[in-house]
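Residue numbers begin at 1 in each chain, while the letters A, B, ... track the order of the sequences.
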Amino acid sequence: MDYNFQEIEKRWQKYWEENKTFKTPEDLSNPKKCYVLDMFPYPSGAGLHVGHPEGYTATDIFSRYKRMKGFNVLHPMGWDAFGLPAEQYAIQTGTHPSITTKNNCNTFRRQIKELGLSYDWDKEINTTDTGYFKWTQWIFIRLYNTWFDDELQKGRPVSELKVPETIAKPGKKEIAKYVDSKRLAYYANARVWWCPGCRIVCANEEVLNDGSHEKCGNRVEKKNLKQWMLRIPLYAERLLKGIDSLEWPEGIKDMQRNWIGRSTGAEVDFKIEGLNENLTVFTTRPDTLFGATYMVIAPEHPLTDVITTIDYKCTVNTYINATSLKSDLDRTDLAKEKTGVFTGRYAINPVNKKPIPIWVADYVLTGYGTGAIMAVPAHDNRDFEFALKFNLPIVCIQDPDVSDPEQKKRILAGKECWTEDGKYINSSDKSTGIDINGLNKDTGIAHITNWLEIKNLGTAKVNYKLRDWLFSRQRYWGEPFPVIHWEDGEVTVMNENELPLKLPELEKYLPGDSGESPLSNSTEWLNVTDKNGRRGRRETNTMPQWAGSCWYYLRFIDPKNDKLIFDQAKEKYWMPVDLYIGGAEHAVLHLLYSRFWHKVLFDLGIVSTDEPYKKLFNQGMILAFAYETESGAKVPGDLVEERDGKYFHKETGAMLNQKVAKMSKSLKNVVNPDDVTSKYGADSLRLYEMFMGPLDVTKPWDDKGVKGVFGFLGRAFRFFSNPENIIKGEEDTEVLKGLHYTIKKVEGDIETLRFNTAISAMMIFLNLATKKGKVTTETAATFTKILAPFAPHLAEELWQLLGHKKSLAYEPWPEFNEEFLKEDLFEYPVSFNGKMRFKIELPVYLSKDEIIKIVLADERSQKWLGGATPVNIIVVPNRIVNIVIKT
RNA sequence: GCCCGGAUGGCGGAAUUGGUAGACGCGCUGGUCUCAAACACCAGUGGCAGCAAUGCUGUGCCGGUUCGAUCCCGGCUCCGGGUACCA
């Protein structure tokens with residue numbers, strides 16, 4: 001019988017849909033549950049990319065396997081459908097984004113269904129549905145009404161916030177101001193990156209290194225706008241600690257840790273000569289204060305103007321102006337020489353009362369620490385470089401632990417920078433009474449920090465890189481904020497029972513040049529009056545795309561609930577997510593934001609777990625072959641021809657080099673999954689994407705590889721669908737052993753997500769069965785079951801041909817029997833000095849002495865010994881024999 | 001620069017994490033079937049030498065530990081990803 005995949009796949013997809021085979025179980029009494037989640041896609045107009053099915057197939061195999069293992073499985077799919085492309089399309093064509101979105105979702109849904117993925121489509125969600133974003137708005141209100149209790153390290157309702165007496169007295173406004181300063185969501189005038197191309201504000205996190213916008217590539221500039229911000233740094237410690245308990249790839253955990261960027265140190269106050277002001281710096285090395293020979297402040301530092309003396313105003317202002325034109329890249333490019341100017345002013349080093357000059361330089365940023373640093377050129381590379389350039393003093397205060405006397409001399413003389421540990425020198429002062437000479441780094445830091453605190457000159461401090469999250473966009477196609485700005489200056493959030501706040505219909509989707517969102521065009525929607533006649537204006541910003549994806553895994557649990565965000569019992573049953581698979585591009589932003597929201601919801605008693613995603617796995621990117629000429633010029637795929645394994649330009653005939661690159665329209669090397677399914681079928685596509693290599697590595701797509709797995713599926717179908725090959729009675733021992741080895745291997749590989757080797761094991765078994773020519777009905781059924789998670793259409797077809805009426809989706813996963821895997825003989829590799837020379841088959845139960853006796857008696861051993869006596873003989877039972885001889 | 005990965009046949013990759021390097025698949029070579037081709041099937045396939053048995057060599061490079069290293073340690077080179085002077 002021919003492998004008619006088209007007919008088979010269509011039929012089973014229909015069967016699954018009609019029978020609701022993959023409906024999520026309602027019975028929550030089964031203690032075995034598994035929540036398997038994909039990072040849901042943005043439904044772009046281009047349709048599915050071959051990168052999507054990679055992760056989706058992985059989770060599908062896992063889900064199908066878990067169902068067969070008796071688990072209640074929740075495996076949903078939905079759409080992260082707010083986003084820029086639909087809005088830009090609307091600006092160009094006037095088509096409402098909801099129409100574009102709906103069409104794109106339909107395409108995605110069709111394509112995904114054609115892959116035979118076992119989603120429960122009753123759980124489908126779309127972030128742009130009012131029934132969904134009503135709850136996104138609801139969470140925003142929660143964030144707004146929550147403050148972070150530093151002592152308890154916990155978010156609490158603002159109703160529980162005690163306003164200090166000193167503030168409570170002056171009046172309502174002051175109290176409101178105090179409460180606002182504590183809320184997790186706040187409204188503030190922020191100097192933000194503005195993208196003139198998208199007419200949108202970008203978060204720091206969205207601006208690329210070269211100063212361009214992540215989404216469109218346009219160059220961004222700075223602009224002042226009223227923005228909603230979320231105080232994520234308050235949760236920095238919780239977010240950091242939580243990482244330890246997660247089953248995530250270590251690399252991703254490190255990325256999150258680095259992003260949060262905790263560092264311990266101290267804030268130190270420096271008196272400014274001639275001014276009644278302190279200059280506060282954050283330093284991780286307060287112990288090096290004796291080596292601080294100058295200070296540097298950022299150009300944007302609030303005290304810059306005050307500090308600069310009249311004589312230096314001109315040069316400093318010129319410098320600040322030049323800096324403001326620079327992008328972050330220009331300011332931070334290591335290759336470029338450091339720049340800076342003297343302010344004319346001195347600060348007093350608290351440890352020795354010495355005056356040290358204050359400079360302005362753009363290598364110090366306002367966004368981190370206090371925007372000012374103390375410079376220790378002898379022990380910090382950047383400060384050293386700066387000091388050399390501007391001829392500033394360099395005082396070595398640590399005796400370097402180096403053996404080279406010349407290098408030691410250079411370091412002590414301040415001619416070379418030393419950043420390692422060493423005993424302090426030149427670190428005492430009679431006037432302040434401090435002396436740390438002879439101590440090492442750890443004790444030195446403790447000593448100085450303690451001294452600073454006693455003298456009231458500084459405090460131990462923990463600092464984080466993580467910044468407040470800029471949470472609003474000047475867009476139409478996003479969740480509106482449930483916020484009203486009143487004419488008297490009050491800002492209020494709407495009542496929960498007034499939600500959802502829908503988007504108004506618009507004629508024009510173009511944002512204003514001033515930076516206000518297109519929502520400001522809708523006067524009817526915009527203006528409101530309260531019951532006392534007070535007039536107000538709705539917030540015109542909308543939420544960023546992150547909002548919808550921050551909590552979607554929770555809505556999947558109970559997507560149609562219109563009374564509650566979700567049913568609590570259901571949440572308690574299904575959470576946390578047991579397996580979460582998606583691209584590594586979300587390693588930091590989405591996963592960190594999502595964890596933040598989840599922790600807030602946990603603190604408020606809305607969810608039952610502290611972390612949302614127990615196990616995370618990042619799939620590698622799928623790349624494609626690309627071609628370039630000798631000089632490195634890229635050649636589109638349609639202009640390349642292959643001859644004898646080499647590649648040539650169709651028009652010029654020039655020889656081309658094959659490279660691996662990201663799929664792109666310009667290189668014409670984008671692979672469309674529809675083309676693959678129509679040619680080889682969905683099972684082949686699924687199998688190939690899993691067989692290409694380990695799930696987490698980037699790997700190039702190769703059409704020839706699909707042919708390989710297609711061949712395997714065809715052979716499997718032809719063999720098992722042929723009644724002549726399927727017999728009744730006792731199974732051959734070799735087949736039985738192979739079968740049980742395969743069950744064990746596939747099971748272990750699914751649990752560890754190593755699908756490539758699982759597939760290889762099934763291929764090996766099929767090769768064995770084909771060679772043997774016949775297998776029993778039971779063997780055929782078992783093999784069909786283990787193949788099912790990988791190639792479900794084919795497996796269902798074979799299952800039916802074997803005489804079963806119902807789907808095999810819930811058939812129990814076969815158990816392997818270790819008894820069948822036991823070997824009587826082991827073929828020992830015999831090595832001489834570690835080099836394998838020959839093999840000898842011996843019973844597994846032999847003792848070491850018996851093995852040595854037999855091996856030495858072998859004539860081949862005599863040959864390799866050449867008359868010598870072995871110095872040592874190593875026998876590892878059922879592994880290896882190694883004979884050591886003197887050479 | 002720093003951080004995190006990685007480097008194994010012509011190609012994608014495998015190796016029970018210290019014990020036979022190259023599983024499985026692609027490609028290639030030869031054969032069967034066919035008028036022929038495709039498909040399918042069978043056999044071979046790291047490199048070098050040899051008719052062969054076999055030998056030498058071989059996991060980016062240099063060194064170390066070990067009876068034994070793709071795996072552990074030290075030092076490099078190159079590639080990929082992240083990040084941008086983080087005090």
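Among the protein residues, A:Ser831 comes within range of no part of the nucleic acid, since none of its heavy atoms lies under 4.0 Å from any strand. Note on A:Asn463: nothing from the nucleic acid sits closer than 4.0 angstrom, heavy atoms only. Nucleic acid contact for A:Asn756: sugar-phosphate only, since backbone atoms but no base atoms lie under 4.0 Å from a heavy atom of the residue.
Aromatic ring centres of A:His740 and A:Phe816: separated by at least 6.0 Å. Taking the six-membered ring for Trp and the full ring otherwise, A:Tyr688 and A:Trp701 have centroids separated by under 6.0 Å.
Separation of the P atoms belonging to B:G1 and B:C76 is 12 Å when rounded to the nearest angstrom. When the C1' atom is compared between B:G55 and B:G74, the two are found 34 Å apart, to the nearest whole Å. Comparing the same atom, P, in B:C24 and in B:C42 gives a spacing of 13 Å after rounding to whole Å. Comparing the C1' positions of B:U34 and B:A23 gives an interatomic distance of 34 Å, to the nearest angstrom.
The aromatic rings of A:Phe755 and A:Phe790 sit perpendicular to each other, their planes meeting at more than 60°, with 30° as the lower class boundary. In this pair, A:Phe826 and A:Tyr828 present their aromatic rings perpendicular. The plane angle is above 60°, beyond the 30 to 60° band. Between A:Phe710 and A:Tyr3, the two ring planes are tilted [angle within 30° to 60°].
Of the listed nucleotides (B:C86, B:C24, B:C3), B:C3 has the atom at the smallest distance from the side chain of A:Asn258. Nearest nucleotide to the side chain of A:Val876, out of B:A87, B:G19, B:G13: B:G19. Distance from the side chain of A:Thr284 is smallest for B:A87 among the nucleotides B:A87, B:C24, B:U20. Here the nucleotide nearest the side chain of A:Lys699, chosen from B:G12, B:C26, B:A15, is B:G12. Comparing B:A23, B:C85, B:A87 by their nearest atom to the side chain of A:Thr283 picks out B:A87. Side-chain atoms of A:Arg879 lie closest to B:G19 of the nucleotides B:G82, B:C41, B:G19. Closest approach to the A:Ile880 side chain among B:U20, B:C4, B:A14 is made by B:U20 (side chain taken as heavy atoms from C-beta onward). Closest contact between the side chain of A:Ser263 and the listed nucleotides B:G13, B:A87, B:C86 involves B:A87. Residue A:Trp259 has its side chain nearest to B:U83 when only B:C3, B:U83, B:G82 are considered.
Across the strands present, B:G5 finds its partner in B:C79; the criterion is a Watson-Crick or G-U wobble pair with both atom distances under 3.5 angstrom. Searching all strands for a Watson-Crick or G-U wobble partner of B:G58 with both distances below 3.5 Å returns nothing. Base-pair partner of B:C28: B:G44 (Watson-Crick or G-U wobble, both distances under 3.5 Å). B:U34: no Watson-Crick or G-U partner with both key distances under 3.5 Å is found in any strand. Pairing for B:U16 is absent, with no Watson-Crick or G-U wobble pair whose two atom distances lie under 3.5 Å. Across all strands shown, B:C72 forms a Watson-Crick or G-U wobble pair with B:G64, both key distances being under 3.5 Å. When both pairing distances are held under 3.5 Å, B:A87 makes no Watson-Crick or G-U pair with any nucleotide shown.
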Are any protein N/O atoms closer than 3.5 Å to N/O atoms in nucleotides 63-72 of chain B? If there are, list each pair with its distance.
from	atom 1	to	atom 2	distance (Å)
B:C67	O2'	A:Asn882	ND2	3.2
B:C67	O2	A:Asn882	ND2	2.6

Pairs under 3.5 angstrom, nitrogen or oxygen only, protein versus nucleotides 56-58 of chain B, please.
from	atom 1	to	atom 2	distance (Å)
B:C56	OP2	A:Arg837	NH1	2.8
B:U57	OP2	A:Lys835	NZ	3.2

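For residues 763-772 of chain A, every residue pair satisfying the side chain to side chain donor-acceptor pair (under 3.5 Å) rule, not counting sequence neighbours, is listed here: A:Glu734-A:Lys772.
The distance between atom CG of A:Asp362 and atom P of B:C86, rounded to the nearest whole Å, is 14 Å. Across the protein-nucleic acid pair, A:Phe691 atom CZ and B:G13 atom C1' stand 8 Å apart, rounded to whole Å. The separation between A:Tyr688 atom OH and B:G12 atom C1' is 7 Å, rounded to whole Å.
Applying the 90° cutoff around 0 to the glycosidic angle, B:G9 is assigned syn.
In terms of heavy-atom proximity, A:Ala298 sits nearest to A:Thr304 at O-OG1, 3.3 Å.
Between A:Asp287 and A:Arg285 there is a salt bridge, with a side-chain nitrogen of the basic residue lying less than 4.0 Å from a carboxylate oxygen of the acidic one. Looking at A:Asp244 and A:Arg257, a side-chain N of the basic residue comes within less than 4.0 Å of a carboxylate O on the acidic one, giving a salt bridge. Salt-bridge formation is not detected for the pair A:Lys774/A:Glu724: no Lys NZ or Arg NE/NH1/NH2 atom is positioned less than 4.0 Å from an Asp or Glu carboxylate oxygen. Ionic pairing of A:Asp749 and A:Lys745 is present here: one or more N-O contacts between side-chain nitrogen and carboxylate oxygen are shorter than 4.0 angstrom. A salt bridge does not link A:Lys253 with A:Glu247: every distance from a Lys NZ or Arg NE/NH1/NH2 to an Asp or Glu carboxylate oxygen is 4.0 Å or more.
Listed pair A:Lys707 / B:G27 meets the phosphate criterion, a side-chain N or O lying under 4.0 Å from OP1 or OP2.
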